[in-house]
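To start, the structure itself, in structure tokens.
Scope of the values below: all heavy atoms of this structure, side chains included, with no hydrogens, waters or symmetry mates. Labels below follow one simple rule: chain letters A, B, ... track the order of the sequence lines, proteins then strands, and each chain is numbered from 1.
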Protein chains: 2
Amino acid sequence: MRPQILIIGCGFGGLEAARALRRADVDITLVDKTNHHLFQPLLYQVATAGLSAPSIAAPIRHLFRRQRNVTTLLAEIVAIEPQARTVTLKDGAQLHWDHLIVAAGATHSYFGRDDWAPFAPGLKTLEDAFEIRRRVLMAFEAAEREDDPARRAALLQFVVVGGGPTGVELAGTFAEIARHTLPGEFRRIDPRQARVLLVEGGPRVLQSMPEGLSERAREQLAALGVEVKVGARVTGIDAEGLDITTATGPERLLSRCVVWAAGVAASKLGRALAEATGCTLDRAGRVVVEPDLSLKGHAGIQVIGDLAAAQSHAPGREPRPVPGVSPGAKQMGRCAAANILRRLRGEATQAFRYRDYGNLATIGRNSAVVDLGTPAGALRFSGYPAWLFWLFAHVWFLIGFRNRFVVLLDWAWAYWTYDRSARVVAGAGLDGLSGASPARDGRADGCRPAG
Amino acid sequence: MRPQILIIGCGFGGLEAARALRRADVDITLVDKTNHHLFQPLLYQVATAGLSAPSIAAPIRHLFRRQRNVTTLLAEIVAIEPQARTVTLKDGAQLHWDHLIVAAGATHSYFGRDDWAPFAPGLKTLEDAFEIRRRVLMAFEAAEREDDPARRAALLQFVVVGGGPTGVELAGTFAEIARHTLPGEFRRIDPRQARVLLVEGGPRVLQSMPEGLSERAREQLAALGVEVKVGARVTGIDAEGLDITTATGPERLLSRCVVWAAGVAASKLGRALAEATGCTLDRAGRVVVEPDLSLKGHAGIQVIGDLAAAQSHAPGREPRPVPGVSPGAKQMGRCAAANILRRLRGEATQAFRYRDYGNLATIGRNSAVVDLGTPAGALRFSGYPAWLFWLFAHVWFLIGFRNRFVVLLDWAWAYWTYDRSARVVAGAGLDGLSGASPARDGRADGCRPAG
């Protein structure tokens, strides 16, 4: 019988690992709890109604239809049994493995305050994106119907928590929606009056980038109308807004649309692995792995991607942590697959080495920041050329020719028309957003057009 | 102050009425409980993962952004007060009107058996389409994991109730998915083994079309592999399947994916109108209207579209009922708007006359039936030319240039590749579909690839 490889999760890490084994004489079972692979760098575009979900996601079993050694299963794994070499699914069934790659990823963390979650959704899955999109669009709808000026202003205030790439992209795009897409479509409110605030606890936005680029990003955000508050920690979030503390003291921000783009929390499978194997977890719950991505004492189990706290080992240099970005997950996936093949051939495994090709973040139309490592040295640029680079890089790495075409089409359309292609919200959507506007006594014209 | 026109609902009827008033010296408030206008003839394509939601829906306030006399509101109307000339919204606010057009539409009916609804979703809104899509795709996923052959067969049996255009289109497309899109993507099941059944209580499918075309449609369905049962009434639906009665007696069909495409039930606003004005409702709850689409004794209120039980009045002919199709709703919308303008000018209103341009229904790739009334006589054809006609007619009437382009693109892609563009299901999806597969004692290889 051929070796049984089980891969948990079909994000960037799991996908690359399965692909890298396409010519191997093995049987691969690829398990994910959704039916699709998500191109997460563009998830914020679904959240801001710029792209539809199918543009950035591909059905897993469609991707692997021609790779005969892969069986795709839609299932959720709840336990891992290293001694028996099995995993247990949510419905009780079990899968056997000879080699296991755990690529279950990570999600956002509320730093222990999970009670904030209902008021400030994060952005990790398509469902998250739909919910954020609903809240943003419905906030404008509710404001159009709101008579009270103070409540209306609170509805038109959008807060993004977290100054990393996701937060910067979201805040920039909210500002674009308010300033460019929606004006003219409302009769009682002026969407350009909306305020977009980006709250970051550290001293600058995009802390993973060089300081010069952080500064460029902040300028571009300001040009779009985003108010950036750095050195601001969130101390509370509720249905009406959030409380922050800055150097100058506490502050209350009213908002009915708060989006959480801060903090990392590894998948719960990390804890399951720690209990089953005794491996260590870092503060975010990520699994500490050996240089070859395997678990100490369990050479048959490898952990990759956002779930792993991995180091990059380059000869002659100190090991360095691997950042939680898509290229990191993809390279780990390929390394894990290669190490399985080495073990099957009786060879020694190799340590993982991360090749950092650079960092990108976009802020809005015509503007982005790019930080590339080239053999000649660092290449950093921002503004319009960076934006073009960002655009083509993301389209290049999208999965699927059709998706690339549609995304380019949507973006070209949006660029020329300022239109956003995916504003449709299924179902009624004002829940949780509009304050009640009771009928005024004797005055039955609550919603007459202004002027 | 200008006359206040209130239009309830932005389906085909409400949309056309609002547009027809674009140059009038009036103020229009257009209210819908969603933020989008839905191109319903193509909703089944979202339900069968062929198109994404934004392709067939357009944000209402975006559509009307340049029509300055329209104010769009997202709200749900719960009561109508004809004496005071107001309506009441769900949150208690009230809107005043001088002229009211009620275009709230209709939905499907379970003929009094609303307890069947959880087991057999209908297809009226985007949420319905997403749910049907989820059930169809997840049925194949669950079958891939199912060990028991009888349960697997039940998962691969799809039943559509209702042989009108919607039912025929759904059934044909389910068969296409099973025979052309999914084969090759599964390792344990063969999607071509799926059975698709179309259950119709009357003597033939597409009863609104001439008998010859009904027969062509039935042949094309059979060629696609759809089993048609006519003269079959549904007597019960539950989580495991449904019970039907035919001439030969009762029959039980096992299925975990039953779709309801039968029966019409008017919006609840019909009943609200009847209580408030004393107007009559027909058996489906539709409001019986005067020849000029107004209510008896309430000239300021008109009811159009699927909510109205209207008659077409052509000179020298008997009045004939207006079918519940999109062109009917659109023509009624234009007529209602024109009658408002006549009343404002002090002129008499005109009776509504429906111009029947014909009927189309598609069955699957390369096949459709078309029944057109031309000045030279009836023109009927089927098969490939009908399918091309159907395709271009629907694209022509789609709202929005971009949507037309994307839909053509999606269809061209699907045609050449058999791919379906919108298979992504957000969130885990096996709820309600898979029977539990408990771990087998001693055998931990529940999901080893076959062979």
Approximate separation, where rounding is to 0.5 Å, of A:L137 CG and B:H36 NE2
12.0 Å
Leading residue by heavy atom contact count with chain B [cutoff under 4.5 Å; candidates A:A84, A:A129, A:A57, A:P183]:
A:A57
For B:L38, which atoms come within 4.5 Å of any heavy atom of chain A: side chain, backbone, both, or neither?
neither
The residue among A:R66, A:H62, A:R61 that forms side chain to side chain donor-acceptor pair (under 3.5 Å) with B:E185 is A:H62
Could you report the tightest heavy-atom contact between B:L73 and A:E144, atom names first, then the distance?
CD2-CG, 3.9 Å
Side chain from CB out, backbone as N, CA, C, O: work out which of these in B:T125 comes under 4.5 Å of a heavy atom of chain A, or both, or neither.
neither
Might you point out which heavy atoms bring A:L74 and B:R145 nearest each other, and give the distance in Å?
O-NH1, 3.1 Å
For A:E141 and B:N35, which heavy atoms make the closest approach, and how far apart are they?
OE2-CB, 4.3 Å
Hey, which of A:D128, A:V70, A:N69, A:T72 has the most heavy atom pairs under 4.5 Å with chain B?
A:V70
Cut-off 4.5 Å, heavy atoms of chain B, and the answer for A:I60 is neither
Partners meeting salt bridge (Lys or Arg N to Asp or Glu O under 4.0 Å) with B:E131 (sequence neighbours left out)
B:R134, B:R135
Check whether B:F64 gets within reach of chain A through its side chain, its backbone, both or neither, counting any heavy atom under 4.5 Å.
backbone
A:R68 meets the side-chain hydrogen bond (donor to acceptor under 3.5 Å, both in side chains) criterion, sequence neighbours left out, with none
